Protein chains: 2
Amino acid sequence: MSTKTDAGLHLTETLEDYLEIILMLSLQMPTVRVRDIARLKGVRMPTVTWALRRLAEKQLVLYAAREYVELTARGGEIARSVAGRHRFLSAFLVKILGVAPKVAEKDACGLEHHLSPQTLDRLAALVEYVETCPEVQKDFLTRFRYCFTQPKPSSAACRRSDCRTDRARRGEDPDLISLGTLPAGAQGTVARVHVSVKRRPMLIRSGLLPGTVVEKVSPPSLRRPALIRVDGQDLKLTAAEARSILVARIPDGEEKTGVGE
Amino acid sequence: MSTKTDAGLHLTETLEDYLEIILMLSLQMPTVRVRDIARLKGVRMPTVTWALRRLAEKQLVLYAAREYVELTARGGEIARSVAGRHRFLSAFLVKILGVAPKVAEKDACGLEHHLSPQTLDRLAALVEYVETCPEVQKDFLTRFRYCFTQPKPSSAACRRSDCRTDRARRGEDPDLISLGTLPAGAQGTVARVHVSVKRRPMLIRSGLLPGTVVEKVSPPSLRRPALIRVDGQDLKLTAAEARSILVARIPDGEEKTGVGE
DNA sequence: GAACACTGTTAGAGCAATCTAACAGAGGTT
DNA sequence: AACCTCTGTTAGATTGCTCTAACAGTGTTC
């Protein structure tokens, strides 16, 4: 069904948004009015008029000036698919990742237009997996929250725990070492940023994401911070921070630039 | 550092892309040329000239007509942050979700501009968690791949397995029932779309994502498909499909529309 | 040193999406 | 009936990003 008319249909993000909004309104009220669309989208009415004419041209809505708006079959299909992605993403962010609902809502708006069907499928699979498979489900999320919501990383519980992060911090993991003990000149890929919940976002934003290739430039000395090279630029870390960041060491002679070809 | 100049700096996605590209090129070659930027971005040279002037105005690149391009400190900071998000996202999609590298690369381009710092932090935390915590790590990803890469959902292994999905299909889970046995008129939220890998994306795209509220309209009969209402529209499912979709039943009297307020 | 090839800029156009200002119906008040 | 308010449209301007066409340097080659 609906194979022929799809041909030259390149829908912009904006127009997809309008479709989604029209669907949501049509489920909430008997008739969809320009006023409401404008309010929900945060634009002025003439902008909505403009959008409706574009959508009508593409046969996605039934629209005649001063009449009520209705989605066509094809328009409804697209709208439902966008709305579904939105709802799913928002739920994923809140329920799995633990993002604040308001932030999640906003992010979902931005992300929903950029997920390929394959990625969406795999992400849905992940959610199904953690929610229905017993061997992970029993405390997957609980543990996740526990590990990443503690204000202080090195609580007593961690100190004697069997968690790989904690073993690594005690020097017991052969593959993972802290940035503090990585020798100058050596490289590693970030595995765990084990600092306080407050500091995390700052470091994350400077590029210390899992998988990032970093190079130890110089160790922290008496009152000088450690220098770490990330993406060709030096970053300063306190001794405590360096100790709390775990990396998988890359053997010398396999240096990477951190940028794909 | 860099607090004052940020004030009125609203960088568009496009300009962020240019910064990222300039960074990547500057790590690969001694001097960055307009030609290369244009090729990598897939646009014509005059477009690059235009972008460079915008970026120079905002003090993010050093650029004089016909000279080589260089990132300023601030420009480099932004570029590294975007590139970091990109690399991380792409790795997440490929290594955790198992998305095809080419698709992941493309999706990462679209997603990288829409992640709030909080979401990025939480997503990074998830990756750190599944990669460094032993109780999940030992076969979290292996099992995930196993459950969601089997061409046929009801393999022999599944039939006697302890997986919640399989127990539910055998009617042994009190909270999860299949769409096949959900009575007409009742509602549920999708928990698991347990069909072949090939069919999944199709159903996912029609809105059968985990968490979606569905209503059973009519059961499948002799040669008529089951009717399921999703987002206010009816969807047809074969009897086999209906049996393979598991939902958490919503008690009557708590009906939901599937759309947020 | 004249011709050619390559890189990059200027000029001018076009599309998507937004805005403001002004106008046009439709309904209810007085 | 005249007026007011609310909703929606038309007209015209603006911004961001892209294009093509034409022009301008900078070498290389014969």
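Small disclaimer: the values here were computed from a predicted structure and weren't measured. So you know, we letter chains A, B, ... as the sequences are listed, proteins then strands, and number each from 1.
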Figure out the OH/C1' separation between Tyr63(B) and dT7(C), and round it to whole Å.
12 Å
Would you say dG8(D) has OP1 or OP2 under 4.0 Å from some side-chain N or O of Tyr68(A)?
no
Considering only side-chain heavy atoms of Val34(B), which listed nucleotide, dT9(C), dA16(C), dG8(D), is closest?
dT9(C)
Rounded to whole angstroms, how far apart are CD on Glu67(A) and P on dA24(C)?
20 Å
Residue pair Phe88(B) / Glu112(B), side-chain heavy-atom distance below 4.5 Å:
no
Sorted by chain and residue number, the salt bridge (Lys or Arg N to Asp or Glu O under 4.0 Å) partners of Arg145(B) (sequence neighbours excluded) come out as none
Euclidean distance, atom CZ of residue Arg54(B) to atom C1' of dT15(D) [Å, nearest integer]
10 Å
What integer distance in Å separates Asp36(B):CG from dG8(C):C1'?
12 Å
Between His113(B) (NE2) and dC17(D) (P), how many Å, whole number?
11 Å
Asp121(B)/Arg205(A) salt bridge by N-O under 4.0 Å criterion:
no
Figure out the CG/C1' separation between Leu55(A) and dA17(C), and round it to whole Å.
13 Å
Separation of atom CG in Leu25(B) from atom P in dT7(C), rounded to whole Å
14 Å
Qualifying ring pair (Phe, Tyr, Trp, His ring centres under 6.0 Å) pairs, either residue in residues 99-124 of chain A, two or more places apart:
His114(A)-His114(B)
With a 4.5 Å limit on heavy-atom distance, are the side chains of Tyr68(A) and Val32(A) in contact?
no
Thr49(A) side chain near dT9(D) phosphate (N/O to OP1/OP2, under 4.0 Å)
yes
Return the 5'-most residue of the pair Arg39(B), Arg53(B) with respect to DNA chain C, ranking by each residue's nearest nucleotide.
Arg39(B)
Hey, does the side chain of Arg122(A) reach the backbone of Val99(B) with a donor-acceptor pair shorter than 3.5 angstrom?
no
Table of protein N/O atoms under 3.5 Å from nucleotides 18-23 of chain D N/O atoms:
| unit_1 | atom_1 | unit_2 | atom_2 | d |
| --- | --- | --- | --- | --- |
| dT18(D) | OP1 | Lys41(B) | NZ | 3.4 |
| dT18(D) | OP2 | Tyr18(B) | OH | 3.0 |
| dC19(D) | OP2 | Arg44(B) | N | 3.0 |
| dC19(D) | OP2 | Thr47(B) | OG1 | 2.6 |
| dT20(D) | OP2 | Arg44(B) | NE | 3.4 |

Please compare Glu13(A) and Arg66(A) by the position of their nearest nucleotide in DNA chain C and report the one closer to 5'.
Glu13(A)
Starting at atom NZ of Lys58(A), determine the distance to atom C1' of dC15(C), rounded to an integer number of angstrom.
11 Å
Check Ser116(A) against Asp107(B) and note the closest heavy-atom contact, atom names and distance.
OG-OD2, 2.7 Å
Please work out if Arg33(A) contacts a base, only the sugar-phosphate, or nothing of the nucleic acid, heavy-atom cut-off 4.0 Å.
sugar-phosphate
